[in-house]
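Bear in mind that the values here come from a model prediction, so they are computed numbers and not experimental data. Reminder, nothing fancy here: chain letters follow the sequence lines and each chain counts from 1.
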Number of protein chains: 2
Amino acid sequence: MNIGTAARQSGLPPKTIRYYEDIGLLTADRAANGYRDYSSEDVHRLRFVQRSRSLGFSVEECRQLLSLYTDRDRASADVKAIATEKLGEIDRKIAELTGLREMLGHLVENCHGDARPDCPIIDGLSGKTRDH
Amino acid sequence: MNIGTAARQSGLPPKTIRYYEDIGLLTADRAANGYRDYSSEDVHRLRFVQRSRSLGFSVEECRQLLSLYTDRDRASADVKAIATEKLGEIDRKIAELTGLREMLGHLVENCHGDARPDCPIIDGLSGKTRDH
DNA sequence: CTTGAGCTTCCAGTGGCTGGAATCCCATAT
DNA sequence: ATATGGGATTCCAGCCACTGGAAGCTCAAG
């Protein structure tokens, strides 16, 4: 099957698939006319990468996961280690964003938001107000 | 004052300050020897940008905020609009990450994580299991 | 036989820096 | 006077993960 079909079935744009091939993440057979030719197993791998990426794994992590995916004899502990590490990262990111949300939320709440120039948001960003 | 001092006082690396100048976000006077020369007002602006960036505003948004910061007569509503929009983005990001966290958390929970090859994480990523 | 869609490659740009090289300036120690 | 070390300058390249666009090929349908 051609790249367009593989793209539709995997949820990845053709450009991205070519890019993945370029960086050696996935390979593809070539048909007689020079077109890339994907098997359904290839599509599985593409979708695997698509899902992994959408779950926040970096491309390098996807490379690791793919090799764990391919290696039918690896220990599940190896996979769990990567996933757990990523879970920690996600938690840290959520915590950070929640902190930001709170800070910015306070600023927005205290801003009357009318035609007057007086603005606690600007004051907060410029460091004028004492930290509470 | 030199760029190093301004950097220490604003919390931005010198490289970043030069970069900001390069893209026209901030300007700097030059001393006789060609060194950049920062006033304390310049440092205020640098810190303003530093805080805005750390709160998740893009450089382009910082450009807007800076002009609102400089314009002593603008309505606080203008600032509030930008901040509220950003608040929405942060909320969306948190929601997205929370979703990811949950999904990945389930996979990790169900993985026994021992020497056996059977792994629900890989199965989940490959789409083998029905979405529950 | 033409048209249009889809495929190929390659080059360049995105955002927001960051690292490194080569060179210059300045203050201090010898 | 000079050597040294730290900081400043410029410019070029690279990071991540794509994405857009140009120029040219192939293929199926009308």
Side-chain angles (χ1 to χ4, degrees), chain A residues 1-39 42-43 45-66 86 89-90 93 96-97 100, chain B residues 1-39 42-43 45-66 86 89-90 93 96-97 100:
Chain A
M1 108 190 39
N2 283 347
I3 198 170
T5 315
R8 252 163 274 127
Q9 289 187 19
S10 65
L12 288 169
K15 278 252 168 189
T16 302
I17 298 177
R18 288 192 201 101
Y19 168 72
Y20 286 164
E21 186 178 335
D22 212 48
I23 61 171
L25 186 61
L26 298 154
T27 54
D29 287 345
R30 295 293 175 135
N33 57 9
Y35 285 17
R36 287 172 182 80
D37 187 22
Y38 296 90
S39 68
D42 289 333
V43 172
R45 267 190 289 270
L46 285 169
R47 211 162 39 209
F48 181 87
V49 172
Q50 191 275 320
R51 279 167 199 257
S52 305
R53 289 286 300 127
S54 81
L55 274 175
F57 291 97
S58 73
V59 167
E60 282 318 302
E61 285 162 340
C62 288
R63 209 188 287 274
Q64 286 181 60
L65 287 172
L66 261 182
K86 181 54 57 177
E89 276 174 43
I90 293 176
K93 242 179 220 166
E96 192 193 358
L97 277 177
L100 292 188
Chain B
M1 103 189 45
N2 283 348
I3 198 170
T5 314
R8 252 163 273 129
Q9 289 187 20
S10 65
L12 289 169
K15 278 251 167 189
T16 302
I17 298 177
R18 286 192 201 101
Y19 168 73
Y20 285 164
E21 187 178 333
D22 212 47
I23 61 173
L25 187 61
L26 298 153
T27 55
D29 288 346
R30 293 295 175 133
N33 58 7
Y35 285 18
R36 285 170 184 82
D37 187 22
Y38 296 89
S39 68
D42 289 333
V43 172
R45 266 191 289 270
L46 286 169
R47 211 163 40 209
F48 182 87
V49 172
Q50 190 275 322
R51 278 167 200 256
S52 306
R53 290 286 300 127
S54 80
L55 273 176
F57 290 98
S58 73
V59 166
E60 282 319 301
E61 285 162 338
C62 287
R63 211 188 286 274
Q64 285 180 62
L65 287 172
L66 260 181
K86 183 53 57 177
E89 276 174 45
I90 292 176
K93 242 179 222 165
E96 192 192 357
L97 277 177
L100 291 188

### Task
Could you check L26(B) against L66(B) for side-chain contact (heavy atoms from CB on, under 4.5 Å), going step by step and ending with a plain yes or no?
CA-CA 9 Å; L26(B) 298 153; L66(B) 260 181; 3.7 Å; yes

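- Every residue two or more places apart in sequence or in another chain that forms a ring pair (Phe, Tyr, Trp, His ring centres under 6.0 Å) with F48(A) is listed here: Y69(A).
- The two residues S10(A) and L46(A) have their closest heavy-atom pair at CB-CB, 3.5 Å.
- Axis orientation changes by 20° from one end of the helix from dC1(C)-dG30(D) to dT30(C)-dA1(D) to the other, with each end axis drawn from 5 pairs and the value rounded to 10°.
- Taking the salt bridge (charged side-chain N to carboxylate O under 4.0 Å, His left out) definition, one finds that R63(A) meets it with E60(A), sequence neighbours left out.
- In this structure Q50(A) satisfies the side-chain hydrogen bond (donor to acceptor under 3.5 Å, both in side chains) test with no other residue, sequence neighbours excluded.
- On the nucleic acid side, DNA chain C contacts chain B at distances under 4.0 Å to non-hydrogen atoms, with the end points of that region at dG16(C) to dC26(C).
- The side-chain hydrogen bond (donor to acceptor under 3.5 Å, both in side chains) test applied to E89(B) returns K86(B), not counting sequence neighbours.
- Atom OH of Y38(B) and atom C1' of dG7(D) are 14 Å apart (whole Å).
- Separating the CD1 atom of I23(A) from the P atom of dA17(D) is a distance of 8 Å, rounded to the nearest angstrom.
- To the nearest angstrom, C1' of dT9(D) lies 15 Å from CG of D37(B).
- Listed in residue order, the members of residues 5-18 of chain A having a heavy atom less than 4.0 Å from DNA chain C are K15(A), R18(A).
- Here R53(B) pairs with nothing under the side-chain hydrogen bond (donor to acceptor under 3.5 Å, both in side chains) rule; sequence neighbours left out.
- Checked against side-chain hydrogen bond (donor to acceptor under 3.5 Å, both in side chains), S54(A) has no partners two or more places apart in sequence or in another chain.
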#### Entry: Check against side-chain contact (heavy atoms from CB on, under 4.5 Å), V59(A) and Y20(A)
CA-CA 9 Å; V59(A) 167; Y20(A) 286 164; 4.2 Å; yes

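- dA8(D) atom C1' lies 10 Å from atom CZ of R30(B), rounded to whole Å.
- Annotation for D37(B) and A31(B): closest pair CB-N, 4.1 Å, computed over non-hydrogen atoms.
- Computed from coordinates, the Y19(B) OH to dA13(D) P distance equals 18 Å when rounded to whole Å.
- In this structure, Y20(A) places its OH atom 13 Å from P of dC16(D), rounding to the nearest Å.
- For the side chain to side chain contact (heavy atoms under 4.5 Å, CB included) test, residues two or more places apart in sequence or in another chain that qualify with I3(A) are P14(A), I17(A), R18(A), R36(A), Y38(A).
- Separating the CG atom of N2(A) from the P atom of dT26(D) is a distance of 14 Å, rounded to the nearest angstrom.
- In terms of the salt bridge (charged side-chain N to carboxylate O under 4.0 Å, His left out) criterion, E96(B) has no residue partners (sequence neighbours excluded).
- In this structure a side-chain-to-backbone donor-acceptor pair under 3.5 Å is present from N33(A) to Y35(A).
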Are any protein N/O atoms closer than 3.5 Å to N/O atoms in nucleotides 27-30 of chain D? If there are, list each pair with its distance.
from: dC27(D); atom 1: OP1; to: N33(A); atom 2: ND2; distance (Å): 3.0

